[in-house]
Asker: 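Okay, handing you the structure first.
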Amino acid sequence: MARQEWTTKGFIDEPAPAGCDLKAEIRRMCEEKKAVVMAHYYTRAEVQDVADFIGDSLALARKAAQTDARIIVMCGVHFMAETCKLLCPGKLVLAPDLNAGCSLADSCRADDLRRYKEEHPGHTVVSYVNTTAAVKALTDIVVTSGNAKKVIDSLPEDEPIIFGPDRNLGAYINSVTGRRMLLWPGACHVHERFAEAEVERLRQAHPGAKVLAHLECRAGVLAKADVAGSTAVMLKYVKESDDKEFIVATEPGILHEMRKACPQKTFLPVPLTDGGACNECEYMKMNTLLKVYNTLKHEWPQVEVDPAIAPLAVKPIERMLSLS
């Protein structure tokens, strides 16, 4: 297949050789090419199983920067690959499918944020890590769901703040800090779909289960949670808790890691409707074993960050890391 056709598709759809053991070949190429595979908790189980490292977006980017690998294959969504490139500019960063975007990152365009900043002069811009490099370049400090409260608490109480792009995470931080940050009206399409009624239905059916909800969920869902936090917070809780059953309101890909860590416990994903399908992120699921195999084989698609943007985009990340 011509490289031009790949570019149009955004991924390589070349079939694997007959009888090819994709997992074995991926591991062989990683050793041969000095590559590592990073997989987000929300990707497919088989992709997580072949990865060198599994985690949330920033943890993976930090791990990529620490490794001496030549190639980083970032199995997640596009902004995560950008963040990897920002933190390790000398490495070759690959994304199995360039079409794996993010509804939350897409809800805040750089031009729109620039205008909003001009309309609200004197405000510190705090951006969730789920943003493009161009938006990070307009940001004063980046946060994760795990450290957002800590970062906001580090700023003067009277400091005016624009928080984006996740209005749900921002509203939660406002509620627990007493701040009145201006909230960008963005949201993750997966976490926005979780309904209080479905959480309550599962709780009634499983009265002994603990409810875990990611901070990207709406306030009504968070209000029903026993534990509201980041993926790392939820994983830590299920590993350390004596409870045996959990209702989980986040992308269900994380249940694979939970079940591996705690095989004796039961994890119930919150569905879209009673008896309906799981609330999955179709972008995360674009990462497949075949695409990982092909991107390693051909060392494409490569993810780059505009050199005019990169120095500005990495600064708010470094500021956050200095507070960790």
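The figures here come from the full heavy-atom set of this structure, side chains too, leaving out hydrogens, waters and symmetry mates.
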Asker: Measure the spacing between CD1 of Ile152 and NZ of Lys150 and express it to the nearest 0.5 Å.
Answerer: 13.0 Å

Asker: Does any donor atom in the side chain of Tyr41 or Glu251 lie under 3.5 Å from an acceptor atom in the other side chain?
Answerer: no

Asker: On a heavy-atom basis, which atom in Thr266 and which in Leu268 lie closest, and how many Å separate them?
Answerer: CG2-CD2, 4.1 Å

Asker: Would Ile54 and Leu212 show up in the same hydrophobic cluster when neighbours are defined by side-chain heavy atoms closer than 4.5 Å?
Answerer: yes

Asker: Would a 4.5 Å heavy-atom cut-off, applied to side chains only, mark Met258 and Val248 as touching?
Answerer: yes

Asker: Out of curiosity, Asp112 CG to Lys117 NZ, how far, rounded to the nearest 0.5 Å?
Answerer: 13.5 Å

Asker: Any side-chain heavy atom of Thr83 sitting closer than 4.5 Å to one from Lys136?
Answerer: yes

Asker: Mark yes or no for whether Ser107, through its side chain, and Leu104, through its backbone, hold a donor-acceptor pair below 3.5 Å.
Answerer: yes

Asker: Might you confirm whether atom CZ of Arg109 has over 12 heavy atoms from other residues, nucleotides or ligands at distances under 6.0 Å?
Answerer: no

Asker: Please tell me if the side chains of Cys281 and Tyr42 come closer than 4.5 Å, counting only heavy atoms from C-beta onward.
Answerer: no

Asker: Nearest 0.5 Å please: distance from the CE atom of Met29 over to the CD1 atom of Ile71.
Answerer: 9.5 Å

Asker: For the pair Thr139 (side chain) and Val142 (backbone), establish whether a donor and an acceptor sit closer than 3.5 Å, ignoring hydrogens and angles.
Answerer: no

Asker: Quick check on the 6.0 Å ring-centre criterion: do Trp6 and Phe11 meet it?
Answerer: no

Asker: Kindly indicate, with the supporting measurements, whether the criterion ring-ring contact (aromatic ring centres under 6.0 Å, His included) is fulfilled by Tyr283 and His189.
Answerer: CA-CA 11 Å; Tyr283 301 115; His189 76 295; 5.7 Å; yes

Asker: So does Asp52 pair up with Arg27, basic N to acidic O under 4.0 Å?
Answerer: yes

Asker: What's the spacing between Gln302 CD and Lys91 NZ if we round to 0.5 Å?
Answerer: 14.5 Å

Asker: Has Lys315 got more than 12 heavy atoms of other residues, nucleotides or ligands less than 6.0 Å from its NZ?
Answerer: no

Asker: Carefully, step by step, assess Thr250 and His191 under the rule side-chain hydrogen bond (donor to acceptor under 3.5 Å, both in side chains).
Answerer: CA-CA 6 Å; Thr250 192; His191 291 91; 2.8 Å; yes

Asker: Is the number of heavy atoms from other residues, nucleotides or ligands within 6.0 Å of CD (Glu119) greater than 12?
Answerer: yes

Asker: So do Lys63 and Met38 actually touch side chain to side chain, heavy atoms under 4.5 Å?
Answerer: yes

Asker: Of all heavy-atom pairs between Arg259 and Pro269, which one has the smallest distance, and what is that distance?
Answerer: NH2-CD, 4.5 Å

Asker: Check step by step if salt bridge (charged side-chain N to carboxylate O under 4.0 Å, His left out) holds for Arg115 and Glu118.
Answerer: CA-CA 5 Å; Arg115 284 192 293 270; Glu118 292 170 355; over 6 Å; no

Asker: Are the side chains of Phe163 and Leu182 in touch, meaning some heavy atoms are under 4.5 Å apart?
Answerer: no

Asker: Is there a salt bridge (charged side-chain N to carboxylate O under 4.0 Å, His left out) between Glu240 and Lys236 once you walk through the steps?
Answerer: CA-CA 6 Å; Glu240 297 178 354; Lys236 184 175 186 290; 3.1 Å; yes

Asker: So that I can tick it off, tell me whether Glu32 and Arg28 are bridged by a salt bridge, with the cut-off set at under 4.0 angstrom between side-chain N and carboxylate O.
Answerer: yes

Asker: Under the 3.5 angstrom rule, does the side chain of Arg319 hit a backbone N or O of Ile141 as a donor-acceptor pair?
Answerer: no

Asker: So do Leu94 and Val303 actually touch side chain to side chain, heavy atoms under 4.5 Å?
Answerer: no

Asker: Measure the acute angle between the ring planes of His123 and His120, then classify it against the limits of 30° and 60° as parallel, tilted or perpendicular.
Answerer: perpendicular

Asker: Establish, yes or no, whether a centroid distance under 6.0 Å links the rings of His256 and Phe267.
Answerer: no

Asker: Give a yes or no on whether the backbone of Glu192 and the side-chain of Arg218 come within a donor-acceptor separation of less than 3.5 Å.
Answerer: yes

Asker: Is there a salt bridge (charged side-chain N to carboxylate O under 4.0 Å, His left out) between Lys85 and Glu304 once you walk through the steps?
Answerer: CA-CA 7 Å; Lys85 189 65 178 179; Glu304 300 288 348; 3.8 Å; yes

Asker: Can you confirm whether Arg203 sits close enough to Asp226 that some side-chain heavy atom of one is under 4.5 Å from a side-chain heavy atom of the other?
Answerer: yes

Asker: Flag the pair Glu14 and Lys297 as a salt bridge only when some basic side-chain nitrogen lies within less than 4.0 angstrom of an acidic carboxylate oxygen.
Answerer: yes

Asker: Inspect the contact between Lys265 and Asp243 and indicate whether a charged nitrogen and a carboxylate oxygen are less than 4.0 angstrom apart.
Answerer: no

Asker: Roughly how far, to the nearest 0.5 Å, is the CD1 atom of Ile12 from the CD atom of Glu299?
Answerer: 10.5 Å

Asker: If you look at every heavy atom in Ser127 and Val135, which pair is closest and at what distance?
Answerer: OG-CG1, 4.1 Å

Asker: Answer yes or no: is there an ion pair linking Asp153 with Lys149, defined by an N-O contact shorter than 4.0 Å?
Answerer: yes

Asker: Under 3.5 Å, side chain of Asn294 to main-chain N/O of Lys291, donor-acceptor pair present?
Answerer: no

Asker: Might you point out which heavy atoms bring Gln48 and Gly253 nearest each other, and give the distance in Å?
Answerer: NE2-O, 3.2 Å

Asker: Could you tell me which non-hydrogen atom of Pro15 sits nearest to which non-hydrogen atom of Leu290, and how far apart they are?
Answerer: C-CD1, 4.4 Å

Asker: Could you tell me the separation between the CG atom of Leu222 and the CG atom of Asn168, rounded to the nearest 0.5 Å?
Answerer: 7.5 Å

Asker: Heavy-atom distance under 4.5 Å between the side chains of Val227 and Val233, does that happen here?
Answerer: yes

Asker: For Ser103 and Asp106: C-alpha separation, side-chain torsions, deciding distance, then whether side-chain hydrogen bond (donor to acceptor under 3.5 Å, both in side chains) applies.
Answerer: CA-CA 5 Å; Ser103 60; Asp106 290 345; over 6 Å; no

Asker: If you compare all heavy atoms of Leu272 against all heavy atoms of Arg193, which two are closest, and at what distance to 0.1 Å?
Answerer: CD2-NE, 3.5 Å

Asker: Under the salt bridge (charged side-chain N to carboxylate O under 4.0 Å, His left out) rule, what do Lys224 and Glu200 come out as? Steps first, then yes or no, please.
Answerer: CA-CA 8 Å; Lys224 291 186 175 294; Glu200 187 58 34; 3.2 Å; yes

Asker: With no hydrogens and no angle check, is any side-chain donor or acceptor of His214 less than 3.5 Å from a backbone partner on Glu216?
Answerer: yes

